[in-house]
There are 2 protein chains.
Amino acid sequence: MPTVLRKPVTVSDQHLAERCARGRIVIIDDDSEILNAIEALLALEGYATETYSSAIDYLQVLTYNRPHFPGPSCVLCDVKMPELDGLQLQCRLAELADTPLLLMSGASGAEEAVSAFRAGVVDFLLKPIDADMLLHAIGKALLESSEQQTLHHRHAELAKRIATLTERERDIAKRVAHGQINRDIADTLHIALRTVKLHRQRALEKLGARNTADLVRIADEGNLS
Amino acid sequence: MPTVLRKPVTVSDQHLAERCARGRIVIIDDDSEILNAIEALLALEGYATETYSSAIDYLQVLTYNRPHFPGPSCVLCDVKMPELDGLQLQCRLAELADTPLLLMSGASGAEEAVSAFRAGVVDFLLKPIDADMLLHAIGKALLESSEQQTLHHRHAELAKRIATLTERERDIAKRVAHGQINRDIADTLHIALRTVKLHRQRALEKLGARNTADLVRIADEGNLS
DNA sequence: GATGATCATGCCCCATGGGGTAATTGCGAG
DNA sequence: CTCGCAATTACCCCATGGGGCATGATCATC
């Protein structure tokens, strides 16, 4: 029996859950005034927020103790920062997590904006920042994150199922998905027809496919070459 | 018998064919010096080129007599132009054709660059333009065009085949692709099993599917809901 | 009124898919 | 050494897919 009891669900817990579902925004800016103002705005809109006064701080947290936020997530960061600027952050971010990035900048040159977009930034916001513009950009970034996560989850799920197949089962599932007939498969692999049927049946079960059509789709989406 | 004889294939025709395969770049700039310089560079690289001194001119040609260039194609355009600027061109271009757009600009503000990227421009080149940078951007734009065309061709091909199906055949093909069994389909539609088999067979023939697995893929890629 | 496309059906045939039962072999873990 | 797992096979069963052959109905077009 655990020594620490589970906390009861309260109203504030519900609010927290709603914020998570709506999305989390990591805000990074060395100007604490702007940081607080943006956080207030986003919190008011019902988003979960997290603030850092330096990109380094955030990368440290990301590298060492990542609690893996549930739900869509994005980073909103100022380009001009003392230690690590927005462009460098984008590079690190692409390696560690695939979090979409929004950059903010006061009077910056076109070169900076162009570099940012080439590096794959979702949007580049010019100060003074319009609230509607910001919320629109946030929406786009979170949508991107959401779709990205959905795709990752499906792929991971399929990969897990495929991993439970034995070599023979995987091979035969592959051939079935290619439209090869049991008889041909048996002749090709020099095994009995009954054996092919068995492996095919097991593969269908393990992959959670109710019929051959499902198997074809699973094979295509799950990179079963 | 035609009055105009077909021209014999010459060496220059071969060169033209090679240029078409490599890609075409439509260059638009009101500065004729730059226009000529860029065309010379791209021609030297083996690309097919087309030049206009105004975006209006190009849009006119695009609207009235479009000979549909075979192969990948993109537009390289200066942002600052008297009548119609690059951003407006991007809007029109998105409607008429899906040609990827590259914008060039001398000392422009970040606002312009950001607007361009938001509008979906492939890249934004800042003058003075580096030749390697330009060629890299061209390569990216043409690749995008190429993938886009490939996708369009496949969809059009599938749509054509699906269009030859009768309503019943399409319906039954859809159900088969969903994994429904002939017996169930017959019961659902209140028709005889033999009838289902006939439609299924016809659908397979018309869609060019050799087996059920092919049908599933065709149905998925061809938007057969 | 003839003709062709589309949809529909019944009977019959064989190949194929799906699966139960039972048995054998080989291999790695406990 | 024994046990479980994977792979394999034979024999047998029924349901399903695929398709030939003949027939009929409806509807639009020429």
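Naming convention: chains lettered A, B, ... in sequence-line order (proteins, then strands); numbering from 1 in each chain. In this text, all values refer to a predicted model and were calculated from it rather than measured experimentally.
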Does a salt bridge link A:D123 with B:R118, judged by any charged N lying under 4.0 Å from a carboxylate O?
yes
For atom CG of B:N211 and atom C1' of C:dT16, their distance in whole Å
13 Å
In whole Å, what is the span from the CD atom of B:Q201 to the P atom of D:dG20?
6 Å
With side chain to side chain contact (heavy atoms under 4.5 Å, CB included) as the test, would you mind laying out the steps for B:I185 and B:V176 before giving the verdict?
CA-CA 8 Å; B:I185 298 175; B:V176 170; 3.8 Å; yes
Among B:I25, B:D78, B:L134, find the residue that satisfies the side chain to side chain contact (heavy atoms under 4.5 Å, CB included) test when tested with B:I38.
B:L134
In B/S/- notation (B base, S sugar-phosphate only, - none; protein heavy atoms under 4.0 Å), nucleotides 5-13 of chain C written 5' to 3' is -SSSBBB--
Tell me the interatomic distance from B:R210, atom CZ, to D:dG17, atom C1', rounded to whole angstroms.
17 Å
Taking the basic N atoms (NZ, or NE/NH1/NH2) and the acidic carboxylate oxygens, is any pair closer than 4.0 Å for B:R161 and B:E157?
yes
So which heavy atom on A:I138 is nearest to which on A:L76, and how close?
CD1-CD2, 4.4 Å
Below 4.0 Å: OP1/OP2 of C:dA15 and any side-chain N or O of A:R183:
no
Does one side chain, of B:T188 or B:Q180, offer a donor that lies under 3.5 Å from an acceptor on the other?
yes
Taking OP1 and OP2 of C:dT16, is either one under 4.0 Å from a side-chain nitrogen or oxygen of A:N182?
no
Could you give the CG-to-P distance, from A:D214 to C:dG18, as a whole number of Å?
12 Å
